[in-house]
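Lettering follows sequence order; numbering is per chain, from 1. FYI, side chains are in, hydrogens and waters are out, and symmetry mates aren't considered; it's all heavy atoms of this structure.
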Number of protein chains: 2
Amino acid sequence: MSAIGPSTRRPTRQRSAVVESLGAVADFVSAQDLHARMRAGGNAIGLATVYRTLAALAADGVLDVLRTADGEAVYRRCSTHHHHHLVCEVCGRAVEIEVPFLEDWAETVGGEHGFWNVRHTVEVVGTCTNCQTGKP
Amino acid sequence: MSAIGPSTRRPTRQRSAVVESLGAVADFVSAQDLHARMRAGGNAIGLATVYRTLAALAADGVLDVLRTADGEAVYRRCSTHHHHHLVCEVCGRAVEIEVPFLEDWAETVGGEHGFWNVRHTVEVVGTCTNCQTGKP
DNA sequence: GCGGAAATGAGAATCATTGTCAACTCGGAT
DNA sequence: ATCCGAGTTGACAATGATTCTCATTTCCGC
């Protein structure tokens, strides 16, 4: 569960296929969605493997994970530095944002309470410009 | 889904029971959890009703909703002031913390990108003092 | 008190995610 | 190049939260 161990992670056809397919998508995709896309693209891979691989990549910090409003996990390849997202809860559009002071603050407040190895998650959601006007 | 229609909402025994039970819990609770607590407290209510009621209350803006790491929806009565938690990922101990500047910042960054009705979630996790020593 | 609309509840249905386990594949040693 | 063992895969079952169904009950205005 903590598993920060890079220990034994073997490169396989499926693993690189997942990474590659993920690169072909600009936005966040769910495991189900990615699996469907891969299959559609003639890439034979098991659903369980997609889940496992995404989880492993996320654990390695290669992917960003967040949850849609209905609880589905969605993934996206992320850049090397830590950042957060502003997500439209209507259309799902995501904007990458930064919270410079937050990084330090998290460390600090963690330290103050005697916490170690502190990580944080920030999600900001709202309604984007497009979706404000087109309200049903 | 958008459902801002107050339209027809009838006060019932169950509805007020849910609100009351929710008030008895300081932290976030899942629908399952709340249902179990209510039953345990001798409050007969159906699981589906708990789900429906929580969803309705959340739609009315009476409740805060967020998702745990494993996708479970958790609810909390909107308190007057917004705060966050520092959670130990080993023992689950939670410390209440505040991020004053974050509130403003979320508004600001949302506005900059044309987002409306911006809400945010912050989760800070780490390993607390007690659990550091007992590391395998 | 009556009638209809809204709400409830028990259980089935749905759906994402995880577990199981035998078969397979990779990388290093022979 | 071949063999071996550990990591990996995939089909399917299992789990678990959430939603749906529909007959029954409750609330509110008349």
Side-chain angles (χ1 to χ4, degrees), chain A residues 1-22 28-60 62-63 65-76 89 92, chain B residues 1-22 28-60 62-63 65-76:
Chain A
M1 205 143 279
S2 51
I4 317 197
S7 52
T8 29
R9 190 143 295 170
R10 220 159 51 183
T12 64
R13 175 178 62 80
Q14 291 88 342
R15 183 173 299 270
S16 38
V18 166
V19 174
E20 190 173 339
S21 300
L22 214 40
F28 285 92
V29 254
S30 67
Q32 299 278 350
D33 195 1
L34 189 68
H35 178 242
R37 284 164 190 259
M38 293 181 73
R39 284 258 163 137
N43 215 329
I45 187 171
L47 178 58
T49 303
V50 173
Y51 273 100
R52 273 185 299 238
T53 306
L54 288 175
L57 290 171
D60 287 354
V62 181
L63 298 184
V65 197
L66 54 87
R67 297 264 171 188
T68 65
D70 50 294
E72 201 179 9
V74 287
Y75 302 84
R76 190 176 69 167
E89 53 189 347
Chain B
M1 207 143 277
S2 51
I4 316 198
S7 53
T8 30
R9 190 141 298 167
R10 221 158 52 185
T12 64
R13 175 178 60 78
Q14 291 86 346
R15 183 175 300 272
S16 40
V18 165
V19 174
E20 190 173 338
S21 299
L22 214 40
F28 284 92
V29 253
S30 66
Q32 300 278 349
D33 195 2
L34 189 67
H35 177 243
R37 283 165 190 259
M38 294 182 73
R39 284 262 162 132
N43 215 327
I45 188 172
L47 179 57
T49 303
V50 174
Y51 272 101
R52 273 186 298 238
T53 307
L54 288 175
L57 291 172
D60 287 353
V62 180
L63 298 183
V65 197
L66 57 85
R67 296 266 170 187
T68 66
D70 50 295
E72 203 178 9
V74 287
Y75 302 83
R76 188 181 66 173

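- At a non-hydrogen distance threshold of 4.0 Å, A:R39, A:A44, A:I45 from residues 30-45 of chain A come into contact with DNA chain D.
- Distance check, rounded to the nearest 0.5 Å: CG of A:N43 to CD of A:E20 gives 8.0 Å.
- Defining each end axis of the helix from C:dG1-D:dC30 to C:dT30-D:dA1 as the rotation carrying four pairs' C1' atoms onto the next four, with five pairs an end, the two axes are found to diverge by 30° to 10 degrees.
- Partners of A:R37 under the side-chain contact (heavy atoms from CB on, under 4.5 Å) rule, at least two apart in sequence or in another chain, are A:V25, A:V29, A:D33.
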Please enumerate all protein N or O atoms sitting under 3.5 Å from an N or O of nucleotides 3-5 of chain D, with distances to 0.1 Å.
none

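- The distance from atom OG1 of A:T68 to atom CZ of B:R67, rounded to the nearest 0.5 Å, is 7.0 Å.
- The distance from atom CZ of B:R15 to atom C1' of D:dC27 is 12 Å, rounded to the nearest whole Å.
- Shortest non-hydrogen contact noted between A:Y75 and A:L22 is O-CD1, 4.4 Å.
- Residue order along DNA chain D, read from the 5' end via each residue's closest nucleotide, puts A:Q14 first among A:Q14 and B:A73.
- Inter-residue side-chain proximity for B:V18 and B:R15 is flagged as unmet; no heavy-atom pair is nearer than 4.5 Å.
- One finds the OG atom of B:S21 at 11.0 Å from the NE2 atom of B:H35 (value rounded to the nearest 0.5 Å).
- Rounded to whole Å, atom P of C:dT18 lies 9 Å from atom CG of B:D70.
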In residues 45-57 of chain B, what donor-acceptor pairs under 3.5 Å come from side-chain atoms, sequence neighbours left out?
{"residue": "B:Y51", "atom": "OH", "partner": "B:Q32", "partner atom": "NE2", "Å": "3.0"}
{"residue": "B:T53", "atom": "OG1", "partner": "B:T49", "partner atom": "O", "Å": "2.7"}

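- If you check residues 47-54 of chain B against DNA chain C, the residues with a heavy atom closer than 4.0 Å are B:A48, B:T49, B:R52, listed by number.
- A distance-only check finds a donor-acceptor pair linking the side chain of A:S16 to the backbone of A:R13 [under 3.5 Å].
- For the pair A:E72 CD and C:dT14 P, the computed distance is 18 Å after rounding to whole Å.
- Taking each heavy atom of B:A73 and B:V65 in turn, the nearest pair found is CB-CG1, 4.5 Å.
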